[in-house]
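Below is one structure, written out as structure tokens; the observations come after it.
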Amino acid sequence: MSSLPEKPACRTPSFLVLNSPDPPAPWHELTGSVKHSLLSHGKKLGSFSKCITLASYALFPVLQWGRNYDLKMFRSDLLAGLTLASLGIPQSIGYANLAKLDPQYGLYTSFVPPLIYAVMGTSRDIAIGPVAVVSLLISSMIQKVVDPSLDPISYRKMVFTATFFAGIFQASFGLFRLGFLVDFLSHAAIVGFMAGAAIVIGLQQLKGLLGINHFTNNTDVVSVIKAVWIAVHQPLHPGNFLIGCSFLIFILITRFLGRRNRKYFWLPAIAPLLSVILSTLLVFVTKGDKHGIKTIKHVQRGLNPSSAKQLQLSGPLTGASAKIGLISAAIALAEALAVGRSFATIKGYQLDGNKEMIAMGCMNIAGSLSSCYVATGSFSRTAVNFSAGCKTTVSNIVMAITVFIALQLLTKLLYYTPITILASIILSALPGLIDLREACNIWEVDKMDFLASAGAFFGVLFGSVEIGLSVAIIISFTRIILNLIWPRIEILGRIQGTDIFCSIRQYSVAVRTQGLLITRINSCFLCFMNANYIRERILSWVIEEKDAMENAKERTRSVIIDMTNIHKKLASLEIQLAIANPGWQVIHKMKKAKLVDRIGRSWIFLAVPQAVEACLALKRESGHLC
């Protein structure tokens with residue numbers, strides 16, 4: 001093998017690349033991320049009291065915006081909070097029913113978590129409480145382990161334990177800046193999952209709407225339709241269906257009117273509460289509960305009781321509770337962040353994702369200790385909160401206080417509330433979970449994303465919630481792996497008259513430099529999984545050109561790439577390897593592996609143009625360029 005010059009004719013400042021300090025160790029990055037989450041955006045630390053102050057301001061944003069809070073803002077938040085409560089109270093009772101819990105647990109979940117979020121959250125608009133999808137997720141997964149109808153106490157204990165783990169996972173994601181784990185549930189996967197869950201939830205509400213006594217615990221569409229088909233052939237009281245459908249139509253009409261005229265935003269907000277009041281009065285006056293109308297009956301009065309002693313942190317069900325908590329945490333975060341970012345964009349402020357995760361985690365940990373299940377941001381209630389003119393998270397506090405008053409004074413009045421009205425309220429909220437326009441956009445933009453969305457949709461619809469999530473994550477992860485294993489490698493050419501190098505396939509005006517093979521690897525990083533593919537791809541181009549070119553002057557004499565491990569093979573072909581602009585971690589690994597010495601310290605450059613000039617100088621020096 002002929003020796004290659006150690007130095008190019010045109011010397012470049014490669015010492016800037018090679019003499020850079022070592023990158024921080026992973027442990028330092030981890031501790032730095034925790035420090036960044038707790039302190040204010042990299043401010044220098046001072047005394048201990050200053051550290052506590054900075055951490056307090058970071059964890060409790062209310063300490064910042066609370067100083068400028070005034071009476072005018074409170075009036076807006078008061079109206080928004082009361083409007084929010086009128087929607088939230090009936091929805092909370094309905095979602096508790098969906099989660100296979102007694103009605104008061106939905107109200108508990110609309111009391112404690114919103115108070116915690118109000119002082120820790122960074123979104124001004126998001127409304128906290130139970131939501132349909134998480135309620136379905138909790139019930140569908142836990143009832144496979146514990147049957148709520150046979151052992152309601154053990155079921156509740158597992159719900160609280162799963163909520164505790166969900167809070168721990170959410171807070172950890174924010175504290176250690178691990179939000180990227182939630183991103184494995186891509187936006188497309190969430191769109192498909194929500195749509196599938198909405199259909200499953202809607203079908204399950206037929207139990208309440210029709211007044212069915214015995215219903216399947218399975219969530220797949222085939223089992224639910226089969227259960228409905230069997231039930232409709234049994235004696236049913238038509239009053240349940242008539243009341244439910246009548247008020248469902250009423251709620252949908254008010255929603256239509258509210259969207260047609262923004263002045264009537266309050267109409268769809270109070271429609272569910274109005275439906276509960278009117279239907280309860282109707283059943284009470286007609287004594288419908290004695291003629292086949294199914295009612296809520298007893299709702300426990302009073303403030304949230306402590307559930308700390310009910311947490312099962314050891315035992316045979318702990319592992320299952322942790323698994324359910326992790327899945328619930330991811331879904332709840334994905335929904336809350338999507339909702340929060342949407343409204344933050346409209347109002348023009350920045351949402352801190354990591355602080356949101358910490359806030360969500362803390363409120364669910366507190367909730368698990370006070371008889372709540374997993375709470376998150378609700379799109380329908382957030383939209384109402386936004387339309388009602390909320391200014392800060394004080395609207396959540398107003399809503400929580402209203403729920404507290406309802407728990408203290410109004411629970412006895414819910415005795416005659418028909419269950420079918422809860423089904424109607426849940427059904428009325430489901431159309432917002434099915435976004436056909438976004439599904440079409442995903443199809444237009446990226447077919448692989450649409451495949452993940454469709455996988456989640458059909459997995460939930462015909463399998464279970466876990467299957468739908470698993471299919472979506474597997475498809476998304478497979479795409480990442482495929483992009484990593486087979487990264488795109490582009491041949492670059494120079495745009496004439498400039499020092500700009502770009503893909504010759506993408507830009508027809510880009511022209512290859514004679515004798516040089518300049519490549520760009522479109523991958524986030526190089527590792528053992530794609531090293532062989534990259535090496536073989538580049539070598540195949542070099543060998544093909546060598547065999548095809550009859551004129552020795554036109555053959556490739558130098559290869560310029562960002563990073564690779566093909567130096568020995570290229571050297572055997574008398575081809576010089578030059579590396580342009582390697583990353584911090586890459587150059588650190590190259591020095592540790594002594595690859596810098598093998599390539600030659602003067603063949604590492606800050607930019608592609610410098611590498612090109614050095615390679616052209618090498619050609620002139622070798623006599624291959626006229």
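Judged purely by atom type and a 3.5 angstrom limit, S378 has no side-chain atom pairing as donor or acceptor with the backbone of V131. Between the side chain of T109 and the backbone N or O of Y373, at least one donor-acceptor pair lies under 3.5 Å. S371 places a side-chain N or O within donor-acceptor distance of the main-chain N or O of P305, the cut-off being under 3.5 Å. With hydrogens and angles disregarded, a donor-acceptor distance shorter than 3.5 Å links the side chain of E356 to the backbone of T122. Judged purely by atom type and a 3.5 angstrom limit, T254 uses its side chain to pair as donor or acceptor with the backbone of I251.
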Practice task
Could you please spell out the steps behind the side chain to side chain contact (heavy atoms under 4.5 Å, CB included) verdict for F193 and V133?
Solution key: CA-CA 9 Å; F193 174 80; V133 173; 3.3 Å; yes
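Ion pair K323/E466 not flagged as a salt bridge, since none of the NZ, NE, NH1 or NH2 atoms sits closer than 4.0 Å to an Asp/Glu carboxylate oxygen.
A side-chain N or O of S395 and one of N385 form a donor-acceptor pair less than 3.5 Å apart. Using a 3.5 Å distance cut-off with no hydrogens or angles, the side chains of Q170 and N364 do pair a donor with an acceptor. With 3.5 Å as the limit, one finds no donor-acceptor pair spanning the side chains of T393 and N396.
Side-chain contact between V276 and L414 is present, with at least one heavy-atom pair separated by less than 4.5 Å.
Aromatic rings from Y108 and Y105 are positioned such that their centres are separated by under 6.0 Å.
Contact detail for I93 and P103: the closest heavy-atom pair is CG2-CB, 3.8 Å. Contact record, T161 with S321: CG2-CB, 3.7 Å, taken as the closest heavy-atom pair.
The aromatic rings of F343 and F386 sit tilted, their planes meeting at an angle between 30° and 60°.
Atom NZ of K391 is surrounded by 12 or fewer heavy atoms from other residues, nucleotides or ligands within 6.0 Å.
Just one residue in the list D435, L436, I434 forms a side chain to side chain contact (heavy atoms under 4.5 Å, CB included) with E438, and that residue is D435.
Relative to the six-membered ring of Y349, R124 meets both conditions, a distance below 6.0 Å and an angle of at most 45° to the axis.
Residues satisfying the side chain to side chain donor-acceptor pair (under 3.5 Å) test with T376, not counting sequence neighbours, are none.
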